[in-house]
Amino acid sequence: MNLLGIDVGGTGIKGAIINTVTGQLITDRKRLPTPQPANPQLVIETIVELIQLFDWKKEIGCGFPSVIQKGVVRTASNIDRQWIGLNAADLLTEASGCPTYVINDADAAGKAEIAFGSGQDKKGNLIFLTIGTGIGSALFHEGSLYPNTELGFLKIKGRYGENYAANSIREAEHLSWSQWGKRFSRYLKRVEFLLTPDLFILGGGISKKFNLYEPYLKCDTPIIPAQLKNNAGIIGAAVGAGHYFEKSSD
């Protein structure tokens with residue numbers, strides 16, 4: 001099955017048509033800037049514009065930077081707070097004319113990485129972290145997702161983890177790889193203490209530079225970079241939509 005996957009991020013909204021069986025991109029990825037402010041009207045207009053670039057008329061999967069319960073937005077860390085309480089799935093379906101499934105963005109990326117990337121055939125408790133504008137998390141036990149974990153909001157030195165060790169903080173505070181790596185290591189050790197994972201998988205754009213900060217990560221838990229890089233969220237959103245719409249049609 002081929003489906004359109006969309007990933008809504010803090011700085012960009014990306015999409016591609018995905019083969020949900022293989023996880024392969026069928027088209028080139030397209031990207032539009034995330035509007036500012038990222039309020040419902042502007043974000044929906046941008047997503048519809050992206051859908052039109054693919055001339056797409058069928059089902060869609062959309063990864064969203066929020067806790068999502070049955071399509072409803074429950075948090076808003078990198079989007080406008082006007083989203084809270086709105087049913088994003090219904091709003092996007094109505095605006096685009098395409099049945100839309102919405103999933104937390106980190107959960108989407110994690111599902112893709114477990115199915116097609118670094119997490120393939122890995123057993124036990126796996127924690128996928130995507131490091132970008134914030135820190136997103138996806139927690140898996142023997143391949144099953146526990147959805148909507150928000151491990152980016154663990155406190156480190158009085159600051160939320162994503163306000164202390166996200167890639168956006170590295171850039172904003174002009175941290176060297178050594179400085180940032182030590183910060184991120186403290187964050188990982190806090191997660192490790194609380195959840196005792198068997199493996200950390202690090203995703204987001206910064207996973208491409210893993211060798212620059214790996215020496216500063218001092219956890220007991222093995223740490224590996226994700227393979228799917230910035231395509232993970234798109235792939236996982238499409239795969240999640242495929243499962244959702246298959247179940248709905250049963």
Exercise. Under 3.5 Å, is there a donor-acceptor pair between the S137 and T149 side chains?
Worked result: yes

For this session: First locate atom CG of L91, then atom CG of N87, and finally report the distance between them rounded to the nearest 0.5 Å.
Result: 6.5 Å

Exercise. In terms of hydrophobic clustering (I, L, V, M, F, W, Y; side-chain heavy atoms under 4.5 Å; direct or indirect links), are F210 and L212 co-clustered?
Worked result: yes

For this session: Consider only side-chain heavy atoms of I, L, V, M, F, W and Y, link residues closer than 4.5 Å, and tell whether V191 and I114 are in one cluster.
Result: no

Exercise. For K182, does the NZ atom have more than 12 heavy-atom neighbours from other residues, nucleotides or ligands under 6.0 Å away?
Worked result: no

Problem set entry | Shortest non-hydrogen contact between I234 and G5, atoms and distance | CG2-O, 3.3 Å

Exercise. Say you draw a straight line from CD of E45 to CG of N39; how long is it, rounded to the nearest 0.5 Å?
Worked result: 8.5 Å

Problem set entry | Within-4.5 Å side-chain heavy-atom neighbours: Y101 and I60 | no

Problem set entry | Closest heavy-atom pair and its distance - D80, P37 | OD2-CB, 3.9 Å

For this session: State, to 0.1 Å, how close G63 and A237 come at their nearest heavy-atom pair, and which atoms those are.
Result: N-CB, 3.6 Å

Problem set entry | Donor-acceptor pair, side chain of N230 and main chain of G205, under 3.5 angstrom | yes

Exercise. Which class fits the ring pair Y213 and W177: parallel under 30°, tilted 30 to 60°, perpendicular over 60°?
Worked result: parallel

For this session: Report yes or no: does T20 contribute a side-chain atom to a donor-acceptor pair with the main-chain N or O of V239 at less than 3.5 Å?
Result: no

Problem set entry | Donor-acceptor under 3.5 Å (Q24 side chain, N19 main chain) | no

Problem set entry | Within-4.5 Å side-chain heavy-atom neighbours: W83 and F64 | yes

Problem set entry | Heavy-atom side-chain contact between L25 and I17 under 4.5 Å | no

For this session: Evaluate whether atom CZ of F153 has more than 12 neighbouring non-hydrogen atoms of other residues, nucleotides or ligands under 6.0 angstrom away.
Result: yes

Exercise. Rounded to the nearest 0.5 Å, what separation is found between the CG atom of L195 and the CG atom of N125?
Worked result: 8.5 Å

Problem set entry | ILVMFWY cluster, Y244 and I6 together (side-chain gap under 4.5 Å) | no

Exercise. Counting only heavy atoms not in R81, do more than 12 sit closer than 6.0 Å to its CZ atom?
Worked result: no

Exercise. Do any N or O atoms from the side chain of S185 and from the backbone of K218 form a donor-acceptor pair under 3.5 angstrom?
Worked result: yes

Exercise. Can you check side chain to side chain contact (heavy atoms under 4.5 Å, CB included) on F116 and I235, steps first, answer last?
Worked result: CA-CA 9 Å; F116 306 112; I235 296 167; 3.9 Å; yes

Problem set entry | Chi angles and distances behind the side chain to side chain contact (heavy atoms under 4.5 Å, CB included) call for L139, F128 | CA-CA 6 Å; L139 179 61; F128 171 82; over 6 Å; no

Exercise. Does K30 make a cation-pi contact with F54 (under 6.0 Å, within 45 degrees of the axis)?
Worked result: yes

Exercise. Is there side-chain contact between C98 and E59, with at least one heavy-atom pair below 4.5 Å?
Worked result: no

Problem set entry | Check: R183/Y216 side-chain N/O donor and acceptor closer than 3.5 Å | no

Exercise. Which heavy-atom pair separates Q179 from H174 by the least distance, and what is that distance?
Worked result: OE1-O, 4.2 Å

Exercise. In this structure, are over 12 heavy atoms from other groups packed under 6.0 Å from K189 atom NZ?
Worked result: no

For this session: Drop me the distance from D198's CG to K122's NZ, to the nearest 0.5 angstrom.
Result: 12.0 Å

For this session: Would you check, one step at a time, whether the test side chain to side chain contact (heavy atoms under 4.5 Å, CB included) holds for W180 with I169?
Result: CA-CA 9 Å; W180 181 81; I169 300 301; 5.8 Å; no

Problem set entry | Qualifying residue, where the test is side-chain contact (heavy atoms from CB on, under 4.5 Å) with S118 and the options are L202, I224, L126 | I224

For this session: Starting at CG of L92, measure out to CG of L86 and round the result to the nearest 0.5 Å.
Result: 10.5 Å

For this session: Inspect the surroundings of CG in D28 and state if more than 12 heavy atoms from other residues, nucleotides or ligands are less than 6.0 Å away.
Result: no

Exercise. E246 and M1: side chain to side chain contact (heavy atoms under 4.5 Å, CB included), yes or no, with the steps?
Worked result: CA-CA 10 Å; E246 280 178 14; M1 179 188 297; 3.9 Å; yes

For this session: Report, as yes or no, whether the 6.0 Å neighbourhood of atom CD on E94 holds more than 12 heavy atoms from other residues, nucleotides or ligands.
Result: no

Problem set entry | CG on N167 to OG1 on T133, rounded to 0.5 Å | 8.5 Å

Problem set entry | V43 side chain near P35 side chain, heavy-atom distance below 4.5 Å | yes

Problem set entry | Taking every non-hydrogen atom, the tightest pair across S66 and R74 | OG-N, 3.5 Å

Problem set entry | ILVMFWY cluster, I127 and I206 together (side-chain gap under 4.5 Å) | yes

Exercise. Is the backbone N or O of G136 less than 3.5 Å from a side-chain atom of T130, with the two atoms forming a donor-acceptor pair by type?
Worked result: no

Problem set entry | Greater than 12 external heavy atoms within 6.0 Å of F193's CZ | no

For this session: Determine, using the 4.5 Å side-chain heavy-atom cutoff (strictly less than), whether V73 and I13 are members of one ILVMFWY cluster.
Result: yes

Exercise. Hey, are the side chains of I18 and N2 touching, using non-hydrogen atoms and a 4.5 Å cut-off?
Worked result: no

Exercise. Side chain of Q120, backbone of A115: donor and acceptor closer than 3.5 Å?
Worked result: yes

Exercise. Can you check whether G134's main-chain N or O pairs, donor with acceptor, with E162's side chain at less than 3.5 Å?
Worked result: no

Exercise. Can E49 and R31 be counted as an ion pair, charged N to O under 4.0 angstrom?
Worked result: no

Exercise. Are the side chains of I47 and S96 in touch, meaning some heavy atoms are under 4.5 Å apart?
Worked result: no

For this session: Mark yes or no for whether E113, through its side chain, and Q227, through its backbone, hold a donor-acceptor pair below 3.5 Å.
Result: yes

Exercise. Would you say the side-chain atoms of R170 pair up with the backbone N or O of A165, donor to acceptor, closer than 3.5 Å?
Worked result: no

Exercise. Hey, does D107 have a side-chain heavy atom less than 4.5 Å from the side chain of D105?
Worked result: no

Exercise. Are any side-chain N or O atoms of T75 and backbone N or O atoms of V67, one a donor and one an acceptor, separated by less than 3.5 Å?
Worked result: yes

Exercise. What are the two closest non-hydrogen atoms of L217 and G181, and how far apart are they?
Worked result: CD2-O, 3.6 Å

